[in-house]
Amino acid sequence: MVVATSPVDLSGLGRDERVTELRRRLAAMPGGGAPAAVRAQAPAGPASVVSAPSAPSAPAAPVAPAEAAEIAVPGVAVPGSVAPLLPGGVLPAGRVTAVSGSATLRVGLLAAATAAGARCAVVGWPELGVAAVAEQGGRLDCLALVPDPGPDPAAVVSVLLDGLDLVLLGPGVAPVAPSRARVLAGRVRAAGAVLLVGAGWPGAELTLAGRHCRYGGLGAGAGRLASVSTVVRCSGRAAPARTAEWVAAG
């Protein structure tokens with residue numbers, strides 16, 4: 001059963017009132033495990049990541065020792081076709097990742113994360129259609145919306161990071177100064193959460209860029225959109241860029 005989520009209205013509230021309201025809403029969200037801040041304090045050990053559902057595939061090839069070490073990475077599940085691009089096949093916990101290009105990619109990341117039980121929030125994206133998240137298998141009861149974070153979105157994000165697994169900044173949220181970005185990155189590491197930001201955000205360790213390449217279900221002037229194919233490119237500071245094609249339901 002899909003349960004709709006309602007936006008968090010922070011308009012007209014002072015700073016302390018905003019913090020109180022955010023924490024109240026976080027406490028009411030269903031859990032996919034311990035809050036991010038609690039998870040970050042757990043003893044280190046092999047990661048256990050719940051992956052998003054994917055189509056059956058051929059038996060996997062033997063994993064080399066170096067690859068096996070990479071798999072044990074804590075993080076948040078992503079669509080199956082995107083997983084091979086990322087360390088351990090997940091959005092790595094404690095890191096800031098930039099997402100640019102296709103809005104479909106952002107929606108797909110939210111859908112895969114919430115489908116796996118991760119608690120997520122979207123800040124500063126009033127145009128987001130939550131129906132698209134549900135159509136791709138996402139759980140709306142694990143999704144909090146803050147369409148208008150006020151004059152200081154970074155302060156809102158700091159509160160959300162304490163109780164959620166993933167926070168996504170909408171494409172309309174402007175990058176902050178490098179000094180502020182470093183402080184926020186420290187909060188992300190301490191919480192063991194994932195922060196998804198837009199292009200141009202200072203200090204992002206990974207970048208995912210999406211570009212639509214093909215549409216399925218449309219004939220010569222007729223038909224219904226059945227799927228959208230997106231080329232996803234992943235690049236980072238210490239790894240070569242890699243690309244993959246991901247097909248999302250239309």
Side-chain angles (χ1 to χ4, degrees), residues 2-32 35-37 76 91 96-114 118-136 138-188 191 193-204 208 210:
V2 174
V3 180
T5 186
S6 58
V8 180
D9 185 5
L10 302 179
S11 59
L13 300 180
R15 183 184 181 281
D16 291 343
E17 294 171 315
R18 286 170 179 256
V19 171
T20 300
E21 176 62 15
L22 286 171
R23 287 177 174 163
R24 184 187 71 80
R25 291 296 292 267
L26 293 182
M29 291 180 70
V76 173
L91 288 168
V96 178
T97 298
V99 183
S100 64
S102 166
T104 303
L105 177 57
R106 294 181 176 89
V107 171
L109 294 174
L110 288 172
T114 56
R119 290 164 293 184
C120 305
V122 178
V123 177
W125 193 3
E127 302 85 5
L128 172 64
V130 294
V133 178
E135 287 172 358
Q136 293 190 35
R139 285 179 53 184
L140 300 188
D141 60 335
C142 288
L143 182 62
L145 304 177
V146 188
D148 181 11
D152 191 0
V156 172
V157 171
S158 293
V159 176
L160 295 172
L161 288 171
D162 286 337
L164 298 180
D165 302 291
L166 181 150
V167 178
L168 182 149
L169 294 185
V173 177
V176 297
S179 58
R180 188 75 182 279
R182 286 193 293 271
V183 172
L184 204 54
R187 293 295 299 273
V188 174
V194 173
L195 177 61
L196 300 182
V197 299
W201 188 275
L208 290 173

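Model, not experiment: these values are computed from the prediction. Note: hydrogens, waters and symmetry copies are ignored here, and every other heavy atom, side chains too, is used.
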Compare all side-chain heavy atoms of [X] with those of [Y] and state whether any distance is below 4.5 angstrom.
X    : Y    : value
V173 : V197 : no
L128 : V107 : yes
V122 : L143 : yes
L168 : L109 : no

Closest non-hydrogen atom pair, [X] against [Y]:
X    : Y    : value
A121 : L164 : CB-CD1, 3.3 Å
A155 : R180 : N-NH2, 3.7 Å
P149 : V156 : O-CG2, 3.5 Å
P202 : P175 : CD-CB, 4.1 Å
R187 : S158 : NH2-O, 3.1 Å
G210 : L105 : N-CD2, 3.8 Å

*For the atom pair OG (S100) and CG (L196), what is the distance rounded to the nearest 0.5 Å?*
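Those atoms lie 11.5 Å apart.
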
_Just verifying a value: how many Å separate L169 CG and R106 CZ, rounded to the nearest 0.5 Å?_
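So the CG of L169 and the CZ of R106 are separated by 10.0 Å.
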
*asked:* Let's go through L110 and L166 carefully: what are the C-alpha distance in whole Å and the side-chain angles of both, what is the deciding distance for side chain to side chain contact (heavy atoms under 4.5 Å, CB included) to 0.1 Å, and is it a yes or a no?
replied: CA-CA 9 Å; L110 288 172; L166 181 150; 4.1 Å; yes

*Starting from the C-alpha separation in whole Å, work towards a yes-or-no answer on side chain to side chain contact (heavy atoms under 4.5 Å, CB included) for W201 and V176.*
CA-CA 7 Å; W201 188 275; V176 297; 3.6 Å; yes

